[in-house]
Asks: 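Once you've had a glance at the structure underneath, I'll fire off some questions.
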Amino acid sequence: MRPQDDSPPPRVPPIDVALVRRLIATQFPRWADLPVRPVAVGGWDNRTFHLGDAMTVRLPSAVGYVPQVDKEHRWLPVLAPRLPLTVPTPVARGEPGEGYPFPWSVHRWIDGETARVDRIGDLNGFARTLAGFLAALHRPEPAAGPPAGAHSSFRGASLMTYDAETRRAIEALGDRIPVGTVTEIWATALRFTWSGPPVWFHGDVAWGNLLVREGRLAAVIDFGCCGVGDPACDLAVAWTLLSGASRSAFRAALAVDDGTWARGRGWVLWKALITLDNPDPVRAAEARHMLDAVCTEYAESVAR
């Protein structure tokens with residue numbers, strides 16, 4: 001069960017260019033003359049801004065994302081040398097101030113475009129490169145890496161964390177979804193548990209956190225949900241970005257067993273069900289795409 005916190009959340013002022021300029025001017029005056037502007041894809045957990053041409057400023061948008069700041073500063077330098085692609089480099093840690101109640105961070109800017117399908121030259125090759133990155137990441141951690149929990153939005157933990165929420169969503173959506181198939185997919189995912197040692201996971205392997213240059217995967221960003229636990233959550237990209245041959249190439253290159261694959265499918269199903277009624281039509285369409293992809297792939301796997 002997720003712990004409940006009934007205390008009122010801190011008031012967060014508008015997270016905008018003006019706020020970032022004030023924070024930089026008061027805490028890092030050596031950068032006060034650098035221009036500040038929003039990045040094109042600013043994120044949800046954090047609001048991200050360019051600081052000059054070589055850095056970014058990331059500010060948590062709510063109290064639940066605050067632990068990600070210190071986690072990234074502590075662990076990204078540990079992870080980076082063992083990974084085959086570029087990952088963010090923390091430069092500085094900011095303190096609460098100017099009415100903003102949370103710590104925040106400055107990272108080095110990484111050039112690249114977010115990984116939309118139309119920007120990827122060879123989707124099968126992209127899938128294999130991503131699998132290689134995750135294979136390097138998904139290794140047992142001999143040191144005391146952060147166990148999956150609230151800081152990772154329970155990515156890397158048991159899917160049972162979201163069982164009640166998923167079943168409520170299935171009931172609420174009713175005949176707008178294939179209830180029988182969806183219930184079966186969820187039950188199948190819950191039948192399998194991670195029995196290996198805890199390994200590092202990214203926690204949010206999504207198109208917006210994968211950067212391409214000249215059509216090839218070049219960097220993986222936003223490790224705010226990372227931790228150690230079950231790596232199945234990192235397979236979600238197989239249904240959100242990949243499809244058909246590229247999905248098969250990804251699974252083969254990563255050598256994923258049936259149980260881990262089923263749990264990965266479960267993570268996508270949960271996310272699709274709880275966002276299908278999102279008032280943002282783009283996010284709702286993404287949820288419908290995820291739901292359709294999961295149901296179609298599951299039906300194909302059962303037929304084989």
Asks: Got a sec, which pairs hit ring pair (Phe, Tyr, Trp, His ring centres under 6.0 Å) with one end in residues 284-304, sequence neighbours left out?
Replies: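 Matches after skipping sequence neighbours: none remain.
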Asks: Not counting sequence neighbours, which residues clear side-chain hydrogen bond (donor to acceptor under 3.5 Å, both in side chains) with His50? List them please.
Replies: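 Counting only residues at least two positions away or on another chain, His50 forms no side-chain hydrogen bond (donor to acceptor under 3.5 Å, both in side chains).
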Asks: Report the hydrophobic cluster partners of Ile110, with the cluster defined as I, L, V, M, F, W, Y residues connected by side-chain heavy atoms closer than 4.5 angstrom, directly or transitively.
Replies: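 Besides Ile110, the cluster holds Leu211, Ile221.
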Asks: Please list all pairs passing the side-chain hydrogen bond (donor to acceptor under 3.5 Å, both in side chains) test where one or both residues lie in residues 205-214, with sequence neighbours left out.
Replies: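 Checked against side-chain hydrogen bond (donor to acceptor under 3.5 Å, both in side chains) - neighbours excluded - the pairs reaching residues 205-214 are Asp204-Asn209.
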Asks: Does the pair Asp222/Arg58 count as a salt bridge with the N-to-O cut at 4.0 Å?
Replies: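 Yes, charged N to carboxylate O under 4.0 Å.
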Asks: If a pair satisfies salt bridge (Lys or Arg N to Asp or Glu O under 4.0 Å) and one of its residues is in residues 12-31, list it, with sequence neighbours excluded.
Replies: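 Only Arg22-Glu98 qualify under salt bridge (Lys or Arg N to Asp or Glu O under 4.0 Å).
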Asks: Restricting to side-chain hydrogen bond (donor to acceptor under 3.5 Å, both in side chains), what partner residues turn up for Asp257, sequence neighbours left out?
Replies: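 Testing Asp257 for side-chain hydrogen bond (donor to acceptor under 3.5 Å, both in side chains), a comparison that skips the adjacent residues, returns Thr260.
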Asks: Only counting residues at least two apart or in another chain, list the ones meeting side-chain hydrogen bond (donor to acceptor under 3.5 Å, both in side chains) with Arg116.
Replies: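 side-chain hydrogen bond (donor to acceptor under 3.5 Å, both in side chains) check on Arg116 returns Asp118.
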Asks: Applying side-chain hydrogen bond (donor to acceptor under 3.5 Å, both in side chains), can you list everything that pairs with Arg283, at least two apart in sequence or on another chain?
Replies: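 If we apply the side-chain hydrogen bond (donor to acceptor under 3.5 Å, both in side chains) test to Arg283, skipping adjacent residues, there are no hits.
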Asks: Could you list all the ring pair (Phe, Tyr, Trp, His ring centres under 6.0 Å) pairs where at least one residue sits in residues 240-266, not counting sequence neighbours?
Replies: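 Sorted result for residues 240-266: Trp239-Trp261.
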Asks: Which residues satisfy the salt bridge (charged side-chain N to carboxylate O under 4.0 Å, His left out) test with Glu184, sequence neighbours excluded?
Replies: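 Listed in chain order: nothing, the list is empty.
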Asks: Please, which pairs that meet ring pair (Phe, Tyr, Trp, His ring centres under 6.0 Å) have at least one residue in residues 10-33, sequence neighbours excluded?
Replies: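 Found Phe28-Trp31, Phe28-Trp104.
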Asks: How would you list, by chain and number, every residue that makes a side chain to side chain contact (heavy atoms under 4.5 Å, CB included) with Pro231, sequence neighbours excluded?
Replies: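 Counting only residues at least two positions away or on another chain, Pro231 forms a side chain to side chain contact (heavy atoms under 4.5 Å, CB included) with His138, Trp194, Val199.
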